[in-house]
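Nothing fancy with the numbering, it's 1 onward along the sequence. What's counted below: heavy atoms across the whole structure, side chains too, no hydrogens, waters or symmetry copies.
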Amino acid sequence: MTVDDLNESERELVLAVLAGRFLDFSKERFSDETGETGETGEKPEIRGELLRRIMLGRFEWPGEVAADPRGIRLRGAHLVGGLDLAEIESSLPLWLLDCTADQPVRFTGAKLSTVDLSGLVAPRLVADEVTIERSLTLRAARLGDGSHLAVHLGGARIGGLVNFSGAHLVNTVGAALQASNLRTGGGVFLNRGFRAEGTGEGGVVRLPGAVIGTMLNLSGATIRSPDGPALVADYLQTGSNVMLSDGFLAEGSRDSGTVRLIGARIGGQLVCDGGQARAAEPGELSLNLIQVRVAGELVLPASFPVGPIEVTGLTYRGEPQHATLTEWLDMLAHRTTRYTSQPYFHLAAVQAGAGHERNARMIHIARHRDLLRRGDLGLRGRVWHRITGLTAGYGYRPGRALGWLVGTLALSVVLTFVSGALGLLGGCSLVEQAGLALNAATPLVKIGEARCTVDPGRGLGQAFIALGWVLQVLAWAFLTLFVAGFTGLMRRSP
């Protein structure tokens, strides 16, 4: 291919590349007979083959000149035949803004400098295993013909950021964005009106195993699937925040979760304020955070998940933000799929670390109630749990057991006075009757020598003796529960 083989638009591009100029076809205008100016109709055509030759340095330039290091900078062209840069290596930056293509754009295995395809309208972008030294930008791009993966970045290596702000990706037979094992030195921006529509159990936006140098930002993004997860980012690693906020919306249908971040390691905050993850059916999981580690704060309002959640193994720093403790306990007890103790223990540790011991006790009591309701305790375990909950707040309210002990002693005194009034104690004085009651119902404490006893041979004497034994057993039980709760022995439960 030589200059003589080029059309007028392609010649303009060659001259612009040689001079290091930005060629903007969107500013091309015409004049009609009245002298009025307006925009031209169809975009000027540039063959993808020409761009490939320029990037490879194989185009026959006029004279002894070479491409300017500023590379190809073009706006408003139609790429005839698409663009195939697969497996090439080039140091020239590539800027193709507001361009269209009737065939896919392919970068598979290429090694490039900078790529900016903002505003691109094309059937798809295939860039698996690509290496881009700086950044990859597709702001406001429209990709996807509905029958293929719209963007393939699996295994890509990007030295800077990946920017898909405002892009629209569509695939009716599978994922819209496949970026498994993506590696970036900067952030990944799928925000500011980013939209992705796809199908299938693999997810619409796929980032499993991705390692992102700074943040993953999906603020204001919309991701929809009629029959599978919306966002799948299992074992994702980020150096900074993950933003699912400010109008983020994920709609999906799958037991594994509409938004799935299993095993993710988030280097900053997980921010879900102002966003929403919706499960299509009431029983389907909306948010899956199993074994997720958040190095910073967790900002997760109760309104974010619309449907059940899974948070087993989730850890974070500080108290959860934008959700009250009551809301968090309600989510753990009524919106998780099963009982697990770890979320309660972590939340209690966070509260205790902040100096809120009362809140920590409240959390543990809620944990035991959830264990009683959904845990695998068996009949004996359930009976014991009900007793300890009623009498000592599962060991976190030992004062309750002490109150029951005092009540038992008071009942013993009343029973003794009734026995005396019925003539079952002979001629004992009121003081002696009180001493008898305290000796009978006070464990480890004896007040003097008992001078009067209930006569078992008179009237209801045997019944009162039996009631006294019951009160003794209860007093011992309440004292034991108080000591166990006070020393923390009762708190060691699953």
Side-chain angles (χ1 to χ4, degrees), residues 25-26 41-52 74-87 94-110 112 115-130 132 136-156 162-180 182 188-190 192-207 218 221-232 250-253:
F25 284 123
S26 67
E42 297 181 355
K43 293 179 180 292
E45 294 185 346
I46 302 291
R47 284 173 289 177
E49 180 187 358
L50 171 63
L51 297 176
R52 179 178 176 88
L74 172 65
R75 183 192 297 275
H78 178 69
L79 308 180
V80 178
L83 176 61
D84 188 354
L85 300 183
E87 307 299 339
L94 180 65
W95 300 65
L96 302 177
L97 310 180
D98 299 327
C99 292
T100 60
D102 51 6
Q103 296 294 323
V105 175
R106 301 182 183 278
F107 294 158
T108 299
L112 306 172
V115 176
D116 190 338
L117 304 178
S118 295
L120 175 67
V121 178
R124 59 187 181 275
L125 169 65
V126 184
D128 50 313
E129 302 295 336
V130 70
I132 298 177
L136 171 62
T137 306
L138 284 101
R139 290 183 292 107
R142 302 292 182 268
L143 298 167
D145 56 10
S147 61
H148 296 87
L149 177 64
V151 176
H152 191 355
L153 287 175
V162 175
N163 189 350
F164 281 65
S165 298
H168 186 191
L169 314 181
V170 178
N171 183 11
T172 60
V173 296
L177 171 60
Q178 167 63 277
S180 301
L182 171 70
V188 173
F189 294 86
L190 311 176
R192 296 185 179 181
F194 172 86
R195 290 186 295 160
E197 302 166 26
T199 63
E201 63 182 20
V204 177
V205 173
R206 293 185 45 78
L207 293 164
L218 288 103
T222 299
I223 308 173
R224 288 190 170 97
S225 173
D227 60 358
L231 172 64
V232 175
E251 295 180 343
S253 175

Worked verdict on I46 versus L51 for side chain to side chain contact (heavy atoms under 4.5 Å, CB included): CA-CA 8 Å; I46 302 291; L51 297 176; 4.2 Å; yes
Spacing of F164 atom CZ and T137 atom OG1 [to the nearest 0.5 Å]: 9.0 Å
Point-to-point distance, once rounded to the nearest 0.5 Å, from SG of C99 to CG of L117: 8.5 Å
Enclosure of R139 CZ (heavy-atom neighbours >12, cutoff 6.0 Å): no
Residue of the set V126, L153, D84, L94 for which side chain to side chain contact (heavy atoms under 4.5 Å, CB included) holds with F107: L94
Heavy-atom donor-acceptor pair, Q178 side chain to S180 backbone, under 3.5 Å: yes
Side-chain donor-acceptor contact under 3.5 Å, H168 with R142: no
Taking every non-hydrogen atom, the tightest pair across P226 and G198: CD-O, 3.2 Å
N/O donor-acceptor pair under 3.5 Å between D145 side chain and R124 backbone: no
R206 side-chain N/O to G202 backbone N/O, donor-acceptor pair under 3.5 Å: yes
Those residues that, when tested against H78, pass side-chain hydrogen bond (donor to acceptor under 3.5 Å, both in side chains) (two or more places apart): T100
Salt bridge (Lys or Arg N to Asp or Glu O under 4.0 Å) between E197 and R224, worked out: CA-CA 5 Å; E197 302 166 26; R224 288 190 170 97; 5.7 Å; no
Closest non-hydrogen atom pair, D102 against G81: OD1-N, 3.2 Å
Side-chain heavy atoms of L74 within contact of F25, under 4.5 Å: yes
Minimal non-hydrogen separation, T199 against S225, with atom names: CA-OG, 3.8 Å
Set of residues satisfying side-chain contact (heavy atoms from CB on, under 4.5 Å) with respect to R192, sequence neighbours excluded: S165
Check: T172 side chain, G146 main-chain N or O, donor-acceptor pair, under 3.5 Å: yes
Distance-minimising heavy-atom pair for G82 and A101: CA-CB, 4.1 Å
From L85 atom CG to R106 atom CZ, the distance as rounded to the nearest 0.5 Å: 11.5 Å
D128-T108 side chain donor-acceptor pair, cut-off 3.5 Å: yes
Reported CG-to-CG distance for the pair L190 and N163, which is rounded to 0.5 angstrom: 8.5 Å
V105 vs L96 side-chain heavy atoms within contact, under 4.5 Å: no
Shortest non-hydrogen separation from P44 to G76 and the atoms involved: CD-O, 3.4 Å
Worked verdict on V232 versus L207 for side chain to side chain contact (heavy atoms under 4.5 Å, CB included): CA-CA 6 Å; V232 175; L207 293 164; over 6 Å; no
Sidechain-backbone polar pair: K43 side chain, D98 backbone, donor-acceptor under 3.5 Å: yes
N171 side chain near V173 side chain, heavy-atom distance below 4.5 Å: yes
From L97 atom CG to L120 atom CG, the distance as rounded to the nearest 0.5 Å: 10.0 Å
Worked verdict on V205 versus F194 for side chain to side chain contact (heavy atoms under 4.5 Å, CB included): CA-CA 11 Å; V205 173; F194 172 86; 4.2 Å; yes
Atom pair CG/CG of D116 and L138 - distance to nearest 0.5 Å: 7.5 Å
Over all atoms of both residues, closest heavy-atom pair of R52 and L83: N-CD1, 4.5 Å
